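What follows is a single structure, written as structure tokens, with notes after it.
Since the structure is predicted, the reported quantities are computational estimates derived from the model, not experimental observations.
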Amino acid sequence: MAYKAPVRDLTFILNEVLEIDRYTNQPGFQDVSSELAQQILEEAARFSDEVIAPINNPGDKEGCHWSEGGVVTTPKGWKEAYHQMVEAGWPSLMMDPAYGGQGMPSVIGSAVGQFTAGASAAFSMYPGLTAGAWAGIHANASEELKQKYLPKMATGEWTGTMNLTEPQCGTDLGMVRTKAVPNGDGSYSITGQKIWISAGEHDFADNIIHTVLARVEGAVPGIKGLSLFLVPKFLVNEDGSIGERNTLECAGLEHKMGIHGNATAVMQYDGAKGWLIGEEGRGMNNMFVVMNEARLGTGLQGLAIGTAAYQAAVEFAKDRLQGRSLTGPKNPDGPADPIIVHPDVRRMLLEARAFVEGGQAFILWTALQSDLEKSEDEAVATKAKDYMGLLTPVLKAYLTDKGFHAASLAMQVHGGSGYTEHFPASQYLRDARITMIYEGTNGIQALDLVGRKLPSAGGRAIMSWFGDIDAFVAEHNDAGETVKPFIDGLADAKKKLQDGTMWLMQNGMANPDNAGAGSTDYLNIFGITALAYVWAQMAIAAQKQIDAGSSDPFYAAKLQTGRYFVERILPDAAGHLVKMKTGADVLMAMPADSF
């Protein structure tokens, strides 16, 4: 089965749903048109389909190799594919032109990113981690560091990483022990061990630029004592050339369930020379830029894997002959019918497709908000910034949950074949599972949503979200017969989300365990509402084309998929609301010794 980038789905969202031609007055969009977006996506699809996708499964089987001295070799053909990516200019697509980038909007880059991650999640992590590190340096570092490192990171000649986790601490980064000692010349000596560092060592690039959380000697304990440092694999001379090797190395690679083609490294720093990014003691604030970039990228990755798994399941269901249709043979000349005739197989395919296509739109709608943060209209920029804060944990957690769910459904469609390594279903399921864990587990995302994002600025973001949905429903309340169920479904989902929000306000403050116990169900209601919102927008755009006389089956299929979402997924919001309102008692009453 060969992965095919979903160009038509994403160009439909960009050009007919979001109508990006409307944003030419916004920064970054002046030279962007729907025609240019189409061309970029078609070229990105060709590269993903022809260069990246063919190395995905062989790379999974081979994995990365570590040898003495910390040398890491990636799977056969991967280095060459990465160099083709650099030569084609893909890593620089969204980077700031002031530092060697092309300056394309995030909404375009997020579409391209879905293709890359769908073709190979493990491969996409190398440029993905670089983009996160680049963003952190771009937002917080001195101009000297930016000029020295960003241009070659923008092109992909140099790659980047984020180094947070240590053996004794993952989520609780206040326990970080890696230390930084000032050298007296503006640099610091960094000593410590970091684990689970994706793309931490490889043979793709001449240099790897690590962003490392560490504690300056004598700093206060906990989060407030952390600082962020730029620590290159090779020191860089004043003229920009590569200098001597820094005192850091990959001490080993993790043996993992999936993403075998990505080098997940144990990094050892032994007095390695590094430079402060931003101010001392503001490491977590500065790292959040990198982390948020990674969280959005992880949501995209999980959804993209689900897309690829769905495609494989459809192809298998059309080819696999098994049993006869309940309403009579559909393949009378063959020994059996293809399994796609069976209602339960269609249930699984439509369930995956409804999440995948809704998720694609949610990602691009959110990426547009990232672009609008740069608006010169203060009200537009403020609302977009509020939405990015509010929606990042939802997008990361909900889409990785559902991406894995789609991969699991795809394996089920494959039956016993899916449990073997002869078909791609197994790899997709294995690769998707990590997305629910890294960059903050989905439970942590739910706590972040409930504990930090909802109350931020007095609840301004969630109230704005409710207001926008109410206005959208009111505007389209007299929609035609086909679209009305989407509008009514959105209104109902929003009502349940509002009900859940009020319950948290009333019960979470009185007993914080209530907020913790209900957080995951609340996030699921939020995710369902977000997909209901974008499905309603897609339904309106598709029906508009049909009303204008289009006979293209794409639009009818979009409406039919959306109908499945409305009738068979939207009702889940009610169940999540009931569960969250049970509170913490059933979870916390049992003594720990009784488990």
Side-chain angles (χ1 to χ4, degrees), residues 164-177 193-196 213 215 220-226 254-258 284 291 295 298 302 390 392-394 396-405 408 429-430 432-456 459 462 496-529 571-595:
L164 291 81
T165 305
E166 299 180 5
Q168 78 286 350
C169 70
T171 301
D172 188 356
L173 291 168
M175 299 197 303
V176 161
R177 293 176 187 161
Q193 187 181 82
K194 298 289 184 177
I195 63 170
W196 304 338
L213 267 186
R215 193 180 307 279
V220 298
I223 292 289
K224 293 183 179 179
L226 295 178
E254 301 292 349
H255 298 278
K256 311 184 297 289
M257 176 179 176
M284 280 306 298
M291 290 166 66
R295 285 170 177 171
T298 301
L390 182 68
T392 294
V394 179
K396 189 277 178 185
Y398 191 71
L399 293 190
T400 57
D401 271 350
K402 299 312 174 186
F404 179 76
H405 180 53
S408 182
L429 192 70
R430 289 185 285 103
R433 190 60 187 84
I434 185 58
T435 65
M436 302 159 72
I437 298 172
Y438 60 23
E439 310 313 334
T441 65
N442 288 356
I444 293 294
Q445 302 300 324
L447 289 174
D448 179 46
L449 173 65
V450 167
R452 291 197 185 116
K453 302 304 170 58
L454 282 184
S456 179
I462 189 66
K496 288 179 170 57
L497 181 62
Q498 197 162 22
D499 188 354
T501 306
M502 292 302 296
W503 186 91
L504 284 171
M505 291 173 62
Q506 293 163 2
N507 296 275
M509 293 183 68
N511 178 5
D513 278 344
N514 281 329
S519 59
T520 291
D521 284 302
Y522 180 79
L523 186 144
N524 273 280
I525 302 169
F526 210 130
I528 290 169
T529 305
D572 291 345
H576 285 297
L577 183 61
V578 170
K579 287 191 286 185
M580 75 169 285
K581 285 186 174 182
T582 62
D585 288 350
V586 72
L587 302 182
M588 308 308 292
M590 184 183 290
D593 291 345
S594 297
F595 278 91

Inter-residue atom distance E166.CD - R177.CZ, 0.5 Å rounding: 7.5 Å

Closest contact, heavy atoms only, L226 versus L173: CD1-O, 3.4 Å

Inter-residue atom distance Y398.OH - L449.CG, 0.5 Å rounding: 13.5 Å

Gap separating the NE2 atom of H405 from the CG atom of L399, nearest 0.5 angstrom: 13.0 Å

Flag side-chain contact, heavy atom, 4.5 Å: N524 against M580: no

Distance-minimising heavy-atom pair for G516 and L447: CA-CD2, 3.8 Å

Contact check, side chains of M284 and L213, non-hydrogen atoms, under 4.5 Å: yes

Minimal non-hydrogen separation, L497 against T529, with atom names: CB-OG1, 3.9 Å

T400 and its side chain to side chain donor-acceptor pair (under 3.5 Å) partner, picked from N442, T441, T298: N442

Minimum heavy-atom distance between A573 and I525, given as atom pair plus value: O-CG1, 3.9 Å

Whether S408 side chain and F404 backbone form a donor-acceptor pair below 3.5 Å: no

Check: V394 main-chain N/O paired with K453 side-chain donor or acceptor under 3.5 Å: no

Expected output: side-chain D513 to main-chain A584 donor-acceptor under 3.5 Å: no

Within 6.0 angstrom of M509 CE, more than 12 heavy atoms from elsewhere: no

Nearest-0.5 Å distance that lies between atom OG1 in T435 and atom CG in D401: 8.0 Å

Sub-4.5 Å side-chain heavy-atom contact between M257 and L429: no

Pairwise distance CD1(I444) to CD(E439) - rounded to 0.5 angstrom: 13.0 Å

Working for side chain to side chain contact (heavy atoms under 4.5 Å, CB included), residues K581 and D499: CA-CA 10 Å; K581 285 186 174 182; D499 188 354; 3.1 Å; yes

Close side-chain approach of H576 and I528, heavy atoms under 4.5 Å: yes

Student check: side-chain heavy atoms of T165 and V176 closer than 4.5 Å: no

Heavy-atom pair of closest approach, residues T582 and K579: OG1-O, 2.6 Å

Minimum heavy-atom distance between R295 and T392, given as atom pair plus value: CB-CG2, 3.9 Å

Q168 side-chain N/O to M175 backbone N/O, donor-acceptor pair under 3.5 Å: yes

Beyond-backbone contact of N514 with W503, side-chain heavy atoms, under 4.5 angstrom: yes

Nearest-0.5 Å distance that lies between atom NZ in K224 and atom CZ in R215: 13.0 Å

Expected output: side-chain N511 to main-chain N507 donor-acceptor under 3.5 Å: no

Working for side chain to side chain contact (heavy atoms under 4.5 Å, CB included), residues F526 and I462: CA-CA 10 Å; F526 210 130; I462 189 66; 3.6 Å; yes

CE (M588) with more than 12 external heavy atoms under 6.0 Å: no

